Structure formats: structure tokens, C-alpha cells
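Structure, as C-alpha cells:
What you see is a predicted model; the values in this text were computed from it and never measured. The sequence lines fix the lettering, A, B, ..., with proteins before strands; numbering per chain opens at 1.
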Amino acid sequence: MQRNPDKFWNPYLAGVALGLVLLVTFLIMGNGLGASGASYRLGVAAVNALAPGHVQAVPAMSSVVEERWALDDWLVFEVLGVVVGGVLGAWTSGRLKREVLKGPTFGTGGRIAFAIAGGVLMGFAAKLTRGCTSGQALSGGALLSVGSWAFMFSVFAGGYAVAYFVRRQWR
Amino acid sequence: MNPIFPIESLSDERRALGLGVAVVIGIGFGFVLERAGFGRAQKLVGQFYGSDMTVLKVMFTAIVTAMLGTVILSGVGLLDIDTVQFNFPTYLWPMILGGLVLGAGFVVSGYCPGTSVVATASGKLDGLATVGGVVVGGLIYAELEPAMGAFPNSGKLGTFTIPEWLGLPAPVVAALVVAMAIGAFLLGEMVERRVNRQAVPAPVPVARRWVFVALVALAVVAVLTLALPTGTQAGQP
């Protein structure tokens with residue numbers, strides 16, 4: 001098998017494939033794809049293990065554990081699948097490698113700090129927007145939801161506004 | 001047609017099966033994201049520096065593909081689109097402000113929440129750090145939510161679609177979105193050439209032409225479903 005780590009699918013064909021996965025999800029599950037919701041549930045499950053009383057005291061956390069364990073949710077299982085699919089895709093294309101992606105002149109510690117900081121911003125924002133790029137922009141966008149489209153344009157605007165200031169990490 | 005596994009309303013045995021299906025769907029999702037290049041931060045953030053418009057191309061093609069699928073299936077009466085759209089209510093202000101913050105987080109971390117999972121799966125430690133950040137950020141939100149008062153629920157418009165907003169039938173809006181997407185793709189490719197200083201445009205892959213032709217053809221089919229008497233028109237009140 002040909003393994004060139006720099007060879008990717010044609011973006012338009014990849015888009016069609018992604019769109020078909022999404023369409024099948026709509027038809028079978030009656031819901032869209034998602035990601036940030038699963039990460040959130042992981043956090044709540046951790047807090048619940050350490051301080052169950054605190055979870056009960058915070059409305060946004062207690063609502064997640066109301067009926068079942070925080071991780072007993074379809075989105076968590078879907079994201080488990082994403083991990084498996086990601087490993088399969090990376091392994092079969094020669095991209096499965098432990099590394100930190102960054103520009104050659106930027107420090108590893110700085111890059112990890114940026115990654116954590118950006119993650120915190122996104123984790124916070126995705127709760128406010130009731131979904132991230134997958135759950136809101138992609139899924140809601142395909143269903144022509146006004147809020148999802150407003151969200152999508154905002155994501156691009158926010159990205160372009162900040163890009164200049166963090167460009168050094170890729171140099 | 002109704003969803004086969006509407007996960008919220010399943011009995012326990014069916015629910016277990018539904019969760020298994022969710023894993024299979026996730027595998028497809030993760031594999032496609034990886035193969036599109038979305039496990040690599042540079043490929044994702046290239047969007048914001050104009051050097052690599054893969055995000056625009058993949059995201060928009062996916063949105064348009066799934067949109068045409070739902071609009072056509074709903075147009076021929078095979079899908080009750082309202083039951084799916086019901087899961088995507090609009091809260092305008094938090095979505096706009098949150099979108100700006102999420103976009104900022106995207107270029108700072110180099111990933112979005114979903115692609116950070118794919119990056120982690122392919123061994124990228126910065127992807128793992130992003131996942132950790134997303135988990136912590138969600139918990140911070142939960143702690144601060146009571147202090148935000150009514151803002152998270154502001155601009156509430158319920159299930160509100162672009163066809164409803166514009167007062168146009170969903171297939172017509174779908175056709176307009178296809179036209180807009182193809183325009184955005186051509187513009188994106190132009191920006192890529194400028195930024196990467198390519199004097200001579202690279203040859204256009206055959207795949208691109210066929211995808212464009214197929215999308216336009218499906219948009220025409222979608223509009224033709226308007227002539228059918230039985231359609232449950234997407235987004236129509």
C-alpha cells in the first residue's frame with residue numbers, strides 16, 4: 001500500500017464523503033454529528049467521581065447526570081468511534097506518529113500552552129453556542145438553521161481576527 | 001421516514017444497539033476527517049492564513065452534500081426534516097459571540113474540538129493538549145453560567161431556518177447555497193494561488209469538476225421536487 005503522509009484526499013471528495021456520513025447520521029440517529037459535547041461529558045464525569053455534591057450544585061453539570069452516568073450518551077460513543085476512525089486513517093496513511101505539530105522555530109512548551117489555551121476558549125464557547133464546528137456549523141448548517149450559519153460566520157471572523165497574532169507558532 | 005435510532009426515546013436493548021451504531025458512525029466521521037488532513041494543525045489553520053483552503057472546501061462541500069440530501073428526501077416525502085431540525089434551535093446572541101470566541105480558540109490551538117480528537121488519535125500531543133483544554137473550558141463555563149444571567153438564552157428564535165427567514169422554499173435556498181459554495185471555492189482557490197505565489201494555476205483535478213457538476217445537478221433535482229404534490233417541504237411552516 002502506498003503510504004505518503006503528505007497525501008490527503010481531494011478536499012471536495014472528502015467533503016462529499018463527510019456530507020454522506022452526516023446525511024446517514026441524520027437518517028439513522030435523527031441527530032447530527034458532534035464532538036465538544038462528549039469532551040464536556042468527560043469533564044463532568046471526572047468532577048462527578050471526585051466531588052458528586054458539587055456536580056449536583058451546578059445546574060449545567062447536574063443536567064448531564066440527571067438520568068444516567070455522564071458518559072452514557074450517544075455522543076460519547078460517537079466520539080469513541082472518531083478516535084478509532086482517526087487511528088485507522090492515520091495508521092493506514094503513515095501519519096500515526098507521536099509528535100507536537102508546530103513551526104520549526106517555535107518552542108514545544110509554547111506550542112502546548114497555545115493548544116491548551118485555545119482548547120479552553122473553545123470548550124467554554126462551545127457550551128455557549130450549544131455545539132462546536134461539528135455539532136453546530138456542520139450539522140446545523142446542513143439543516144439551514146439560522147443560528148448555525150450565524151455561528152459559522154462568527155467562527156471564521158474570530159479566526160481571521162486573531163490569526164495574525166499567533167502566526168509565530170507555525171514559523 | 002422517521003429516524004431508526006432516535007436515541008432519546010429508545011428502550012434499553014434498542015439503546016445499546018443505537019450506541020453501537022453511534023460508534024460505527026464515529027469511525028466513519030473520524031476516518032474521513034483524518035484523510036481530509038484535519039488531524040494536522042497546519043492544514044487546518046492554513047485557512048486563516050490563506051495558504052490552504054482545505055477547511056472551506058471540505059466543510060462547505062459536506063454541508064452542501066448533506067443539505068441537498070435532506071432537502072431532496074424531504075421534497076419527495078421520505079424524510080420528516082422537522083424532527084431533525086428540532087434539535088438545532090437558534091439562540092442568536094450567544095451563538096454569534098461564542099462563535100467569535102471559538103474561532104479565536106481555533107487559530108490559537110490549531111484545532112477545533114472534533115479535529116483535536118482526530119489529532120490525538122494520530123499521536124499529536126498538541127491535539128491532546130487541546131482536548132484537555134476543551135474539557136476544562138466546558139467546566140469553567142458550567143461554573144460561570146449562573147453569573148451570565150439570561151445571556152446564554154438570549155436571541156431565542158426557536159427552530160428557525162434560512163428558508164423561513166427569507167420566505168423562500170427550501171429547495172430554492174439550497175440551490176442558492178450551492179451557487180454560493182461554488183463561488184466561495186473558486187475564490188478560495190484564487191486566494192491560495194496568490195498567497196502561495198503560484199503564477200501558473202495547478203491543473204484542476206477531475207474530481208473537482210465532477211463534484212461541482214454533481215452538486216449543481218442535485219440542486220436542480222431539489223428544485224424539481226417543488227413540482228411534486230407530496231413533499232413535506234423543508235422549512236415551510
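In terms of heavy-atom pairs under 4.5 Å with chain B, the best-connected choice from Val24(A), Val100(A), Val84(A), Leu80(A) is Val100(A). Of the listed residues Gly39(B), Gly137(B), Ala66(B), the one with more heavy-atom pairs under 4.5 angstrom with chain A than any other is Gly137(B). Options Ala36(B), Gly127(B), Gly20(B), Gly28(B) differ in how many heavy-atom pairs under 4.5 Å they form with chain A, and the most are formed by Ala36(B). When Trp210(B), Trp165(B), Tyr111(B) are compared by the number of non-hydrogen pairs under 4.5 Å with chain A, Tyr111(B) comes out ahead. In terms of non-hydrogen atom pairs under 4.5 Å with chain B, the most contact-rich of Leu42(A), Asn10(A), Leu75(A) is Asn10(A). Contact count against chain B (heavy-atom pairs under 4.5 Å) is highest for Val146(A) among Val146(A), Val21(A), Leu23(A). Considering only heavy-atom pairs separated by less than 4.5 Å from chain A, the leading option among Val55(B), Thr54(B), Ile96(B) is Ile96(B). Between chain B and the residues Ala35(A), Gly141(A), Gly32(A), Gly43(A), the most heavy-atom pairs under 4.5 angstrom are made by Gly43(A). The choice from Ile25(B), Ile27(B), Leu144(B) that makes the most heavy-atom pairs within less than 4.5 Å of chain A is Ile27(B). Annotation: maximal heavy-atom pairing with chain B below 4.5 Å, among Gly86(A), Gly19(A), Ser154(A), occurs at Ser154(A). Note: Ala104(B) leads Gly50(B), Gly114(B), Ala174(B), Ala104(B) in heavy-atom pairs under 4.5 Å with chain A. Of the listed residues Ala115(A), Ala90(A), Ala125(A), Gly147(A), the one with more heavy-atom pairs under 4.5 angstrom with chain B than any other is Ala115(A).
Considering every non-hydrogen atom in both Ile63(B) and Ala137(A), the closest pair reads CD1-O, 3.6 Å. Among all heavy-atom pairs drawn from Met122(A) and Cys112(B), the shortest one is SD-CA, 3.6 Å. Taking each heavy atom of Gly99(B) and Thr129(A) in turn, the nearest pair found is N-CG2, 3.6 Å. The minimum heavy-atom distance between Leu100(B) and Ala157(A), with the atom names listed, is CD2-CB, 3.8 Å. For Gly30(A) against Asn87(B), the heavy-atom pair with the smallest separation is O-ND2, 2.9 Å. Heavy-atom minimum distance, Ala142(B) versus Val58(A): O-CG1, 3.3 Å.
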- Task: Test Asp126(B) against Phe114(A) for side-chain contact (heavy atoms from CB on, under 4.5 Å), laying out the working first.
- Result: CA-CA 9 Å; Asp126(B) 47 331; Phe114(A) 272 52; over 6 Å; no
- Message: Using the rule given for side-chain contact (heavy atoms from CB on, under 4.5 Å), can you reason through Asp6(A) versus Arg40(B), listing the C-alpha separation, both sets of side-chain angles and the distance that settles it, and then say yes or no?
- Response: CA-CA 10 Å; Asp6(A) 294 318; Arg40(B) 184 181 285 188; 2.9 Å; yes
- Query: side-chain contact (heavy atoms from CB on, under 4.5 Å) between Phe31(B) and Thr92(A): does it pass, once the steps are laid out?
  - Reply: CA-CA 10 Å; Phe31(B) 187 85; Thr92(A) 54; 4.1 Å; yes
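For Pro205(B), the part sitting under 4.5 Å from any heavy atom of chain A is the side chain, from C-beta outward, and nothing else. Interface residue Ala126(A): backbone and side-chain heavy atoms are both found under 4.5 Å from chain B. Neither the backbone nor the side chain of Val64(B) comes within contact range of chain A; no heavy atom of the residue lies under 4.5 Å from a heavy atom of that chain. In this structure, no portion of Phe38(B) lies under 4.5 Å from any heavy atom of chain A. Both the backbone and the side chain of Ser139(A) come within contact range of chain B, with heavy atoms under 4.5 Å apart. Residue contact with chain A, scored on non-hydrogen atoms closer than 4.5 Å, involves the side chain of Phe151(B) exclusively. Contacts of Leu139(B) with chain A are made by both backbone and side-chain atoms, with heavy-atom separations under 4.5 Å. Contact annotation for Val84(B): both backbone and side-chain heavy atoms come within less than 4.5 Å of a heavy atom of chain A. Of the atoms belonging to Glu67(A), not a single heavy atom falls under 4.5 Å from chain B. Neither the backbone nor the side chain of Leu128(B) comes within contact range of chain A; no heavy atom of the residue lies under 4.5 Å from a heavy atom of that chain. Proximity to chain A (any heavy atom under 4.5 Å) is shown, for Ile140(B), by both the backbone and the side chain. The part of Tyr91(B) that comes within reach of chain A is its side chain, from C-beta onward, which places non-hydrogen atoms under 4.5 angstrom from that chain. For chain B, the nearby part of Val47(A) is the side chain; its heavy atoms alone come within less than 4.5 Å. For chain A, no part of Val24(B) is nearby; none of its heavy atoms comes within less than 4.5 Å.
Taking the six-membered ring for Trp, Tyr40(A) and Tyr141(B) have ring centres at least 6.0 Å apart.
Distance check: Trp149(A) CH2 to Thr161(B) OG1 gives 12.5 Å after rounding to the nearest 0.5 Å. Separating the CG atom in Leu102(B) from the CG atom in Leu121(A) is a distance of 8.5 Å, to the nearest 0.5 Å. A distance of 9.5 Å separates OG1 of Thr108(A) from CG of Leu125(B), quoted to the nearest 0.5 Å. Atom OG1 of Thr83(B) is separated from atom CZ of Phe26(A) by 10.5 Å, given to the nearest 0.5 angstrom. Residue Glu143(B) holds its CD atom at 3.5 Å from NE2 of His54(A), rounded to the nearest 0.5 Å. Between Arg15(B) atom CZ and Arg68(A) atom CZ the span is 3.5 Å, to the nearest 0.5 Å.
No side-chain heavy atom of Leu22(A) sits less than 4.5 Å from a side-chain heavy atom of Thr65(B). At least one side-chain heavy atom of Arg35(B) sits under 4.5 Å from a side-chain heavy atom of Ser93(A). Within the 4.5 Å cutoff, no side-chain heavy atoms of Phe165(A) are placed close to those of Val107(B). Inter-residue side-chain proximity for Val45(B) and Gln169(A) is flagged as unmet; no heavy-atom pair is nearer than 4.5 Å. Considering only heavy atoms from C-beta on, Leu128(A) stays 4.5 Å or farther from Val101(B) through its side chain. For the pair Arg98(A) and Lys124(B), the minimum side-chain heavy-atom distance is 4.5 Å or more. Counting heavy atoms from C-beta on, the side chains of Phe48(B) and Val162(A) never come closer than 4.5 Å. Under the 4.5 Å side-chain criterion, counting only non-hydrogen atoms from C-beta, Leu18(A) is in contact with Phe29(B).
The local environment of CZ in Arg167(A) is crowded, with over 12 non-hydrogen atoms from other residues, nucleotides or ligands closer than 6.0 Å.
Side-chain N or O atoms of Gln42(B) include none that pairs as donor or acceptor with a backbone N or O of Gly103(A) at under 3.5 Å. Gln85(B) contributes a side-chain N or O that, together with a main-chain N or O of Leu143(A), makes up a donor-acceptor pair within less than 3.5 Å. A donor-acceptor pair under 3.5 Å is absent between the side-chain atoms of Arg208(B) and the main chain of Leu13(A), judged by distance alone.
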